[in-house]
Undergrad: 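This is the structure I have questions about; it appears just below.
Given the structure is predicted, the values throughout are model-derived calculations rather than measurements. Residue indices begin at 1 and follow the sequence shown.
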Amino acid sequence: MNRSLRLAPAPASLLAALFAGSLFVAMPAATSFSQTSGVAPYTVMETGRGFARLQDAVDAIGDGSGTIRFASLRFSDCAVQSQGEITYRAEVPGQSILDGKACEDKAALVLRGRGARIEGMVFANIRVPDKNGAGVRLEHGNLSVSQAWFRDSEQGLLSGEDPQGTIRIDKSTFTRLGTCEGSGCAHSVYVGNYGALTITRSRFEAGSGGHYVKSRAAHVEVLDSSFDDSAGRATNYMIDLPEGATGRIAGNWFVQGPDKENYSAFIAVAAEHRSHPSAGLAVERNNARFAPGVDRRSTFVADWSGEPLKLGENTLGSGIAGFEKR
């Protein structure tokens, strides 16, 4: 739901500098489990026990807390966590890939325990009949994600509702995600009515439909991240807060590409409902522009809340208005 911005010639180098060393520029290919011998795909670190199935490792932790270490493999596997607190950790960040399999026709990881952490994992090629396939489906509890890569799926991360819960995403990448082929749209990140969502030092790129971040959380922080829509296809807003939110959107780089379903705004506030207050939502120190060759007009922040937002200094390319009340 957006159109584009004019781009200065430096974003590639700037984004490379932003994310240098944090993830996935040139990942070595993971080995399939069938090609190895004597290596347990999953190890519960607290006990040292190895497992051939991810669900067995999750069940072994049960209602306790523990860490599952993933070998450097490409897995056709998935799991449902219904209790406990579990850390899912790649032995080598970027080399453990959950590829192409969804549990309950939902996601590679379906999480409804007390909490979960995901560290260094890759989620790829997740598709399900209702066009809502995600790398991670969070249904309850807190979640922390770091150094993860979500790619080539219908959704990256999708959550249900937990007004007391928190979601934190850091140093992670979301590539070629989203679709509007189903009954509704899927997005790179889609958070339901959670207490708080925090995204830091992360990259969103080449979306294939929907929004890059759609969040119904009451409080949102999106900081020091990049949204590179230059290779996007039929994408919409960069950040959509459809029910309003407080918090801060600061220090981000936005590039709006040519192929948009809706190019009218980069950030949308309370476009569907006013369930949460938005007064004081700070939008500052961001840089927004169109990709090279895109010549159109758009608005950086479109607001339906009618509340006083806190719009600081943002650097906007030619053709982009800073604010519009709708």
Side-chain angles (χ1 to χ4, degrees), residues 42 44-47 51 53-70 75 77-90 96 98 101-123 126 128 132-150 153-172 174 177 186-200 202 213-222 241 243 245-247 275-276:
Y42 315 103
V44 175
M45 295 179 66
E46 289 74 16
T47 64
F51 296 88
R53 294 178 64 247
L54 179 55
Q55 189 65 58
D56 292 339
V58 169
D59 292 344
I61 294 172
D63 197 30
S65 62
T67 298
I68 300 172
R69 185 182 64 212
F70 289 67
F75 303 91
D77 204 353
C78 63
V80 178
Q81 177 192 339
S82 57
Q83 55 186 344
E85 299 179 36
I86 298 179
T87 296
Y88 302 85
R89 177 180 296 161
S96 300
L98 288 173
K101 187 171 181 180
C103 282
E104 299 181 343
D105 278 339
K106 293 178 180 177
L109 289 179
V110 180
L111 307 175
R112 46 179 177 259
R114 290 194 305 276
R117 296 180 62 88
I118 295 168
E119 300 175 356
M121 296 294 301
V122 181
F123 301 87
I126 309 298
V128 299
N132 227 8
V136 174
R137 173 81 75 96
L138 175 64
E139 299 183 347
H140 177 78
N142 299 329
L143 174 65
S144 174
V145 178
S146 65
Q147 282 195 296
W149 190 14
F150 297 82
S153 302
E154 289 158 340
Q155 300 214 65
L157 188 156
L158 170 63
S159 94
E161 298 190 359
D162 186 350
Q164 306 306 313
T166 62
I167 300 170
R168 298 180 180 274
I169 300 169
D170 184 48
K171 284 188 177 179
S172 294
F174 297 79
L177 300 163
H187 314 282
S188 297
V189 170
Y190 187 7
V191 170
N193 184 24
Y194 251 67
L197 166 67
T198 300
I199 298 173
T200 53
S202 293
V213 173
K214 181 167 185 171
S215 172
R216 300 181 188 274
H219 186 86
V220 172
E221 304 270 343
V222 182
L241 309 177
E243 304 199 28
T246 56
S275 305
H276 306 304

Undergrad: Considering all heavy atoms of both residues, which atom of Gly133 and which atom of Ser153 are nearest to each other, and what is their separation?
TA: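 Shortest heavy-atom contact: O-CB, 4.3 Å.
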Undergrad: Please confirm whether the backbone N or O of Ala90 pairs with a side-chain atom of Ser96, one donor and one acceptor, at under 3.5 Å?
TA: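 Checking the backbone N and O of Ala90 against the side chain of Ser96, no donor-acceptor pair under 3.5 Å is found.
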Undergrad: Using only atom types and a distance under 3.5 Å, with no angle test, would you say the side chain of Tyr190 pairs donor to acceptor with the backbone of Gly156?
TA: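 A pair under 3.5 Å: no.
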Undergrad: Nearest 0.5 angstrom please: Trp149 CH2 to Met121 CE, how far?
TA: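 Trp149 CH2 to Met121 CE: 13.5 Å, rounded to 0.5 Å.
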Undergrad: Is the shortest side-chain heavy-atom distance between Arg114 and Asp63 below 4.5 Å?
TA: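 Arg114 vs Asp63: side chains touch.
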Undergrad: Walk me through it: do Val145 and Tyr88 pass the test side chain to side chain contact (heavy atoms under 4.5 Å, CB included)?
TA: CA-CA 10 Å; Val145 178; Tyr88 302 85; over 6 Å; no
Undergrad: Begin from the C-alpha positions of Leu143 and Val136 and carry the test side chain to side chain contact (heavy atoms under 4.5 Å, CB included) through to its verdict.
TA: CA-CA 10 Å; Leu143 174 65; Val136 174; 4.3 Å; yes
Undergrad: Locate the shortest heavy-atom distance separating Cys103 from Val110; write the atom from each residue and the value.
TA: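 Minimum heavy-atom contact is O-CG2, 3.8 Å.
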Undergrad: If we only count heavy atoms from C-beta on, is the Val220 to Val213 side-chain gap below 4.5 Å?
TA: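 Sidechains of Val213 and Val220: no contact.
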Undergrad: With a 4.5 Å cut-off on side-chain heavy atoms, are Leu54 and Phe75 touching?
TA: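 Answer no - side chains too far apart.
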Undergrad: Measuring from Glu119:CD to Ile68:CD1, what's the distance to the nearest 0.5 Å?
TA: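 Spacing of CD (Glu119) from CD1 (Ile68) equals 12.0 Å.
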Undergrad: Rounded to the nearest 0.5 Å, how far apart are CG of Leu111 and CD1 of Ile118?
TA: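 Leu111 CG to Ile118 CD1: 5.5 Å, rounded to 0.5 Å.
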Undergrad: Which atom names give the shortest non-hydrogen contact between Ala245 and Ala217, and what distance separates them?
TA: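 Distance-wise, the nearest heavy atoms are CB-O, 3.6 Å.
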Undergrad: Mind checking what makes salt bridge (charged side-chain N to carboxylate O under 4.0 Å, His left out) contact with Asp56, not counting sequence neighbours?
TA: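 Once residues adjacent in sequence are excluded, the partners of Asp56 under the salt bridge (charged side-chain N to carboxylate O under 4.0 Å, His left out) criterion are Arg53.
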Undergrad: For Ala107 and Gly135, work out which heavy atoms get closest and say how close.
TA: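 Nearest heavy atoms, Ala107 then Gly135: CB-O, 3.9 Å.
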Undergrad: Kindly indicate, with the supporting measurements, whether the criterion side chain to side chain contact (heavy atoms under 4.5 Å, CB included) is fulfilled by Glu104 and Val128.
TA: CA-CA 9 Å; Glu104 299 181 343; Val128 299; over 6 Å; no
Undergrad: Looking at residues at least two apart in the chain, or sitting in another chain, which of them share a salt bridge (charged side-chain N to carboxylate O under 4.0 Å, His left out) with Arg168?
TA: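 Not a single residue meets the salt bridge (charged side-chain N to carboxylate O under 4.0 Å, His left out) criterion with Arg168.
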Undergrad: To the nearest 0.5 Å, what is the distance between CD1 (Ile169) and CD1 (Ile199)?
TA: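 Here the rounded value is 4.5 Å.
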Undergrad: Does His187 offer a backbone N or O that forms a donor-acceptor pair with the side chain of Gln155 under 3.5 Å?
TA: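 Pair found, side chain donor or acceptor close to backbone of His187.
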Undergrad: Any side-chain heavy atom of Arg112 within less than 4.5 Å of one from Val80?
TA: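 Result yes, sub-4.5 Å side-chain heavy-atom pair found.
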Undergrad: Report the residues that fulfil salt bridge (charged side-chain N to carboxylate O under 4.0 Å, His left out) with Glu243, sequence neighbours left out, ordered by chain and then residue number.
TA: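 For Glu243 the salt bridge (charged side-chain N to carboxylate O under 4.0 Å, His left out) partners, ignoring immediate neighbours, are Arg216.
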Undergrad: Suppose we call two aromatic rings close when their centres sit under 6.0 Å apart. Are Phe51 and Tyr42 close by that rule?
TA: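 For Phe51 and Tyr42, the ring centres are not under 6.0 Å apart.
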Undergrad: List the atom of His219, the atom of Gly247, and the distance in Å for their closest heavy-atom pair.
TA: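 Taking His219 first and Gly247 second, the nearest heavy atoms are CE1-CA, 3.4 Å.
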Undergrad: If you measure only the distance, is there a donor-acceptor pair under 3.5 Å linking the side chains of Ser146 and Asp170?
TA: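 Not at all, the side chains of Ser146 and Asp170 share no donor-acceptor pair under 3.5 Å.
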Undergrad: One thing to verify: whether Glu139 and Lys106 come together as a salt bridge, which I'm taking to mean a side-chain N less than 4.0 angstrom from a carboxylate O.
TA: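 Yes, Lys106 and Glu139 are salt-bridged.
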Undergrad: Could you tell me whether a side-chain N or O of Ser159 sits under 3.5 Å from a main-chain N or O of Gly192, the two making a donor and an acceptor?
TA: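 At least one qualifying donor-acceptor pair exists.
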Undergrad: Should Thr166 and Thr198 count as side-chain neighbours, where that means a heavy-atom distance under 4.5 Å?
TA: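 No, every pair of side-chain atoms sits at 4.5 Å or beyond.
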Undergrad: Side chain of Glu46, backbone of Thr67: donor and acceptor closer than 3.5 Å?
TA: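 Checking the backbone N and O of Thr67 against the side chain of Glu46, a donor-acceptor pair under 3.5 Å is found.
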Undergrad: Between CG of Leu157 and CZ of Phe174, what distance do you get to the nearest 0.5 Å?
TA: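 The CZ atom of Phe174 is 6.0 Å from CG of Leu157, to the nearest 0.5 Å.
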Undergrad: Got a second to check how far Glu161's CD is from His140's NE2, nearest 0.5 Å?
TA: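 Spacing of CD (Glu161) from NE2 (His140) equals 13.0 Å.
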Undergrad: Got Phe70 and Leu98 here, is their nearest side-chain heavy-atom distance under 4.5 Å?
TA: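 Yes, close enough: below the 4.5 Å cut-off.
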Undergrad: Restricting to non-hydrogen atoms, name the atom on Ala57 and the atom on Val44 that form the minimum distance, rounded to 0.1 Å.
TA: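 That would be O-CG2, 4.0 Å.
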